[in-house]
Amino acid sequence: MKKVLLACAGGMSSAIAAKSLQDAAQAAGKDVEVHEASSQAFEDEITKDYVLALVAPQIRHRFDHLKELADQNNVPILLVAPKGYTPIGGKFLLKQITDELGDILD
């Protein structure tokens, strides 16, 4: 199973987007588990064997800081496009991940 970390402002608004991504990944035959965390919890959470970190659009101003933390743990990180951060955006987010990072979730 591949673990993905989705960071947002409080760790709650990302639940819908996380579920949408997980559903899209599973429909595409990928064994993926998506976890949500607040930007404050990111520093501790990123150390827990994630293959990818995602940053919600509403906290893009914190991307550089979160990228430093992800880089320290050798975890690729992407800023989620707004289209992928919706209840029906999972397939768009999965495409963004594949377009930018290839088969990281395979």
Side-chain angles (χ1 to χ4, degrees):
M1 169 151 320
K2 304 277 180 119
K3 289 177 24 179
V4 175
L5 179 60
L6 177 56
C8 75
M12 293 186 294
S13 68
S14 57
I16 293 170
K19 181 172 180 356
S20 183
L21 172 59
Q22 188 163 312
D23 290 349
Q26 289 176 348
K30 300 176 187 306
D31 190 15
V32 173
E33 188 175 271
V34 184
H35 298 259
E36 313 91 39
S38 68
S39 60
Q40 293 80 14
F42 187 89
E43 184 171 2
D44 291 329
E45 194 64 29
I46 195 64
T47 64
K48 299 179 182 174
D49 297 321
Y50 289 97
V51 298
L52 174 63
L54 302 169
V55 178
Q58 74 267 30
I59 60 166
R60 63 185 163 273
H61 61 281
R62 298 198 30 92
F63 182 81
D64 291 341
H65 174 67
L66 298 175
K67 184 175 182 345
E68 287 178 20
L69 297 171
D71 288 349
Q72 290 170 9
N73 289 280
N74 299 315
V75 177
I77 188 169
L78 295 176
L79 178 62
V80 176
K83 188 175 185 179
Y85 198 74
T86 68
I88 59 169
K91 65 181 178 181
F92 300 108
L93 182 50
L94 185 59
K95 183 178 182 334
Q96 177 187 357
I97 293 166
T98 303
D99 288 350
E100 294 189 37
L101 297 173
D103 61 358
I104 193 166
L105 298 180
D106 288 341

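The residues of the chain are indexed from 1 along the displayed sequence.
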| query | Heavy atoms, side chains only, cut-off 4.5 Å: are K30 and D106 in contact? | reply | yes
| query | Which atoms form the tightest heavy-atom contact between E36 and A18, and what is the distance? | reply | OE2-CB, 3.2 Å
| query | Is K3 atom NZ crowded by more than 12 heavy atoms from other residues, nucleotides or ligands, each under 6.0 Å away? | reply | yes
| said: Which heavy atom of A17 sits nearest to which heavy atom of L6, and what is that distance? | reply: CB-CD2, 4.1 Å
| Between the side chain of Q96 and the main-chain N/O of L79, is any donor-acceptor distance below 3.5 Å? | yes
| remark: Heavy-atom closest pair (A7 atom, L66 atom, distance to 0.1 Å) is CB-CD1, 4.4 Å
| request: Among K2, E45, E33, find the one that has a side-chain hydrogen bond (donor to acceptor under 3.5 Å, both in side chains) with Y50. | output: E45
| Honestly curious: do L93 and V4 fall in one hydrophobic cluster under the side-chain, below-4.5 Å linking rule? | yes
| query | Say you draw a straight line from CD of E68 to CD of E43; how long is it, rounded to the nearest 0.5 Å? | reply | 10.5 Å
| task | Please check if the side chain of T98 supplies one atom and the backbone of L94 the other of a donor-acceptor pair under 3.5 Å. | result | yes
| note | Between P87 and S20 the two heavy atoms that sit nearest each other are O-OG, 3.1 Å
| field | Beyond-backbone contact of H61 with I59, side-chain heavy atoms, under 4.5 angstrom | value | yes
| query | Between L69 and I77, does a side chain to side chain contact (heavy atoms under 4.5 Å, CB included) hold up when you go through it step by step? | reply | CA-CA 10 Å; L69 297 171; I77 188 169; over 6 Å; no
| field | Same apolar cluster: I104 and L78, side chain cutoff 4.5 Å | value | yes
| message | Using the rule that Ile, Leu, Val, Met, Phe, Trp and Tyr join whenever any side-chain heavy atoms are under 4.5 Å apart, tell me whether F92 and L101 fall into a single cluster. | response | no
| V75 with L54, same ILVMFWY side-chain cluster at under 4.5 Å | no
| task | Find the distance between OG (S14) and OH (Y85) and round it off to the nearest 0.5 Å. | result | 4.5 Å
| Value rounded to 0.5 Å, distance of CG in D31 from CD in Q26 | 7.5 Å
| Do L21 and L5 share a hydrophobic cluster (ILVMFWY, side-chain heavy atoms under 4.5 Å, transitive)? | no
